[in-house]
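Have a look at the structure below before the remarks.
So you know, we letter chains A, B, ... as the sequences are listed, proteins then strands, and number each from 1.
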There are 2 protein chains.
Amino acid sequence: MNIKLLELFCLIVEEGSISGAARRAYQSQPSVTKSIRYLEDEYGALLFHREKGQISLTEVGHTLYPHAKAILSEYKNSVEAVRYQNEKIQSQLKIGASFTIGEYLLPSVISKYKKQKDDQLQLFINNTPRILEMLEENVIDLAFVEGEVTGEAFNQRAIANDEIVLFVSPSDPWADRTHILTSDLKNHKLISREKDSGTRKIIQEHLANHRISPISPYLELSTTQAVKSAVQSGLGYGFASRFAVEQEIKNHLLVHVPVADLKISRPLWSVTKPLRFEKPAIETFLRMTKDMLGRDERS
Amino acid sequence: MNIKLLELFCLIVEEGSISGAARRAYQSQPSVTKSIRYLEDEYGALLFHREKGQISLTEVGHTLYPHAKAILSEYKNSVEAVRYQNEKIQSQLKIGASFTIGEYLLPSVISKYKKQKDDQLQLFINNTPRILEMLEENVIDLAFVEGEVTGEAFNQRAIANDEIVLFVSPSDPWADRTHILTSDLKNHKLISREKDSGTRKIIQEHLANHRISPISPYLELSTTQAVKSAVQSGLGYGFASRFAVEQEIKNHLLVHVPVADLKISRPLWSVTKPLRFEKPAIETFLRMTKDMLGRDERS
DNA sequence: TTGCATTACGGAGTTCGTAATCATC
DNA sequence: GATGATTACGAACTCCGTAATGCAA
């Protein structure tokens with residue numbers, strides 16, 4: 001029993017004619033005729049008298065009408081209830097990001113997003129493998145990571161380019177140099193994140209490409225902030241995402257020293273899991289991120 | 001939106017699994033899976049989480065459930081209401097019959113019918129053309145007439161054979177005769193119905209077949225009862241359906257005199273109009289009529 | 001001729017089935 | 001291997017359209 005048939009039945013009753021109902025339902029006249037015959041078969045009873053090209057409700061039809069109205073009303077309620085709640089859920093955005101992106105890049109985007117729409121938004125910051133796990137388990141709707149994701153059937157887009165830069169304290173001897181060379185790196189003290197760090201890994205890879213053997217750090221720290229603080233107090237030089245030190249460089253708390261023969265650049269990726277019902281909020285947030293941070297490059 | 005989908009949805013919720021719902025709905029598992037996916041598309045929202053081969057209600061599904069139950073309940077109400085009222089209407093039988101049949105044949109059938117089921121029953125008695133008109137206009141459900149109906153798309157069945165017999169008063173000179181001949185008819189007084197009467201018409205036709213010119217009646221009366229009374233008081237002889245004079249002959253109030261060379265026999269017909277929803281009561285009544293009055297001959 | 005209901009025929013979509021696949025226990 | 005969900009493919013039915021018919025004002 002299709003609810004549409006009951007809707008049509010009510011329309012016919014209210015209009016008093018099949019053609020009138022057809023007009024109001026934006027359907028052809030024959031289609032309405034057939035639908036109502038089908039409805040009559042379903043209920044096993046004549047609902048309309050047909051006389052001289054006119055129709056009129058039978059007693060049974062009269063009985064059915066209020067029931068049909070009640071069903072329709074209850075159905076409309078259900079649609080409304082589902083729509084309302086679904087919208088609420090669809091607008092709740094859960095984002096995961098790796099440390100650098102979550103701490104230095106997304107806050108500005110989130111701030112703008114929350115100003116535009118007051119929808120619920122959560123940001124989870126963790127290392128890349130854990131973030132991708134959360135995406136797989138549907139704990140988060142959207143992930144931001146460095147380095148391309150392999151394997152899984154994820155949708156990825158490059159949203160910005162991140163450059164890893166060398167920085168020192170303003171009082172460091174390198175601070176006045178226009179540039180240094182990779183060969184200089186060994187003669188100075190390196191302050192670095194721990195071995196698991198994605199940043200540290202990519203630096204060593206690039207150095208290896210330049211046939212430079214791994215530089216063992218003078219000091220190992222577990223957060224970027226700790227590295228920055230150590231460098232700032234003149235303990236040595238550090239590497240970090242340009243985004244992570246941008247503000248300190250601008251305020252002359254740190255100095256960026258180009259390494260003439262070393263350019264470490266990597267794309268930042270947004271990653272989503274393809275779902276049957278995608279949240280429109282994801283697209284909104286991604287668009288905003290790309291507008292603020294970089295250009296749209298689909299992969 | 002098909003109500004069956006909502007029913008299936010509720011079943012899944014109550015059973016906690018698609019396979020369980022499939023069993024209870026006597027459907028295949030894949031069919032239920034697809035139906036529920038279709039329902040999700042209709043509502044534009046995920047209703048179940050699918051995890052490790054198990055399903056669980058989403059928040060939206062939780063919201064939908066009571067609404068679905070309400071719709072189902074209201075729908076069942078509507079079916080029940082229609083069924084109840086329809087049965088009442090379907091059991092109301094309106095019968096039309098020509099005079100002879102209505103006055104002398106049907107009363108016994110109706111009496112038996114009413115004893116079996118106390119359904120409403122109406123009997124309309126009128127001349128054959130008017131009765132057929134009423135059938136055409138759906139004023140009656142079932143007609144009983146003499147003589148085959150031509151033209152219209154009616155369903156007809158012969159239900160009994162009617163013989164037209166000659167009768168006189170027990171004091172009439174013919175009363176002691178074993179039989180008379182058509183040639184005798186002219187020498188006695190005929191008491192007859194008026195010209196429009198079907199009985200009179202058929203007699204004259206039969207006489208014409210015997211090359212006997214029409215006999216003009218000594219007295220013309222408008223009802224069979226009047227003819228019987230006139231004959232009973234010795235005014236002359238009369239013709240009538242055997243059924244109409246059966247009782248008086250049995251009680252020796254009238255005497256049947258065979259006309260050796262004249263056999264007037266005609267079938268009595270039941271006539272119905274083919275309708276989309278036929279009343280079962282019609283068939284019941286017809287069967288009873290044939291059981292009591294004659295044999296079943298379809299035409 | 002116009003207005004209304006219906007029938008005839010064809011196409012798209014729904015709803016079922018069986019068979020096969022996949023994941024979990 | 002057993003259970004539960006899903007996908008693939010095909011058949012029957014529903015539902016809509018256009019075209020044509022029937023009937024009455």
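Residues of residues 17-34 of chain B having a heavy atom closer than 4.0 Å to DNA chain C, listed by number: B:Y26, B:Q27, B:S28, B:P30, B:S31, B:K34.
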Tabulated below should be each protein N or O lying under 3.5 Å from an N or O of nucleotides 23-25 of chain D; please produce it.
none

Check nucleotides 11-14 of chain C for protein N or O atoms closer than 3.5 Å to its own N or O atoms and list the pairs.
{"from": "C:dT14", "atom 1": "OP1", "to": "B:Y38", "atom 2": "OH", "distance (Å)": "2.7"}
{"from": "C:dT14", "atom 1": "O5'", "to": "B:Y38", "atom 2": "OH", "distance (Å)": "3.4"}

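Residue B:L46 contributes atom CG, which lies 14 Å from atom C1' of D:dA5 at whole-angstrom precision. Atom P of nucleotide D:dC15 and atom CD1 of A:I3 are separated by 12 Å, given to the nearest angstrom. In this structure, CD1 of A:I55 is placed 18 Å from P of C:dG3, rounded to the nearest angstrom. Rounded to whole Å, the distance from CD on B:E15 to P on D:dG4 is 11 Å. Rounded to an integer number of Å, the gap from A:I36 CD1 to C:dT7 P is 14 Å. Counting to the nearest Å, the C1' atom of D:dC16 and the CG atom of A:L8 are 11 Å from each other. If you measure from atom CD of A:Q54 to atom P of C:dG3, you get 13 Å, rounded to the nearest angstrom.
Classified by interplanar angle (parallel below 30°, tilted 30° to 60°, perpendicular above 60°), the ring pair B:F144/B:F285 is tilted.
Pairs engaging residues 84-95 of chain A under the salt bridge (Lys or Arg N to Asp or Glu O under 4.0 Å) rule: A:R83-A:E87 [sequence neighbours left out]. Identified under the ring-ring contact (aromatic ring centres under 6.0 Å, His included) test for residues 28-54 of chain A, with sequence neighbours left out: A:F9-A:F48.
Shown are B:Q90, B:K279, B:K273; of these, the side-chain hydrogen bond (donor to acceptor under 3.5 Å, both in side chains) with B:D141 is made only by B:K279.
With hydrogens and angles disregarded, no donor-acceptor distance shorter than 3.5 Å links the side chain of B:R266 to the backbone of B:D162. Under the 3.5 Å distance criterion, the side-chain polar atoms of B:N2 are matched with a main-chain donor or acceptor of A:M1. Although no hydrogens or angles enter the test, the distance criterion places a donor-acceptor pair under 3.5 Å between the side chain of A:S35 and the main chain of A:S31. For B:T58 (side chain) and B:L46 (main-chain N/O), a donor-acceptor pair under 3.5 Å exists by modelled atom type.
Around the CZ atom of A:F277, the shell of radius 6.0 Å holds more than 12 heavy atoms that belong to other residues, nucleotides or ligands. Counting non-hydrogen atoms of other residues, nucleotides and ligands closer than 6.0 Å to CD of A:E15 gives a total above 12.
Shown here are the salt bridge (charged side-chain N to carboxylate O under 4.0 Å, His left out) partners of B:K114, two or more places apart in sequence or in another chain: B:D118.
For A:R50, no side-chain nitrogen or oxygen approaches OP1 or OP2 of C:dC4 to under 4.0 Å.
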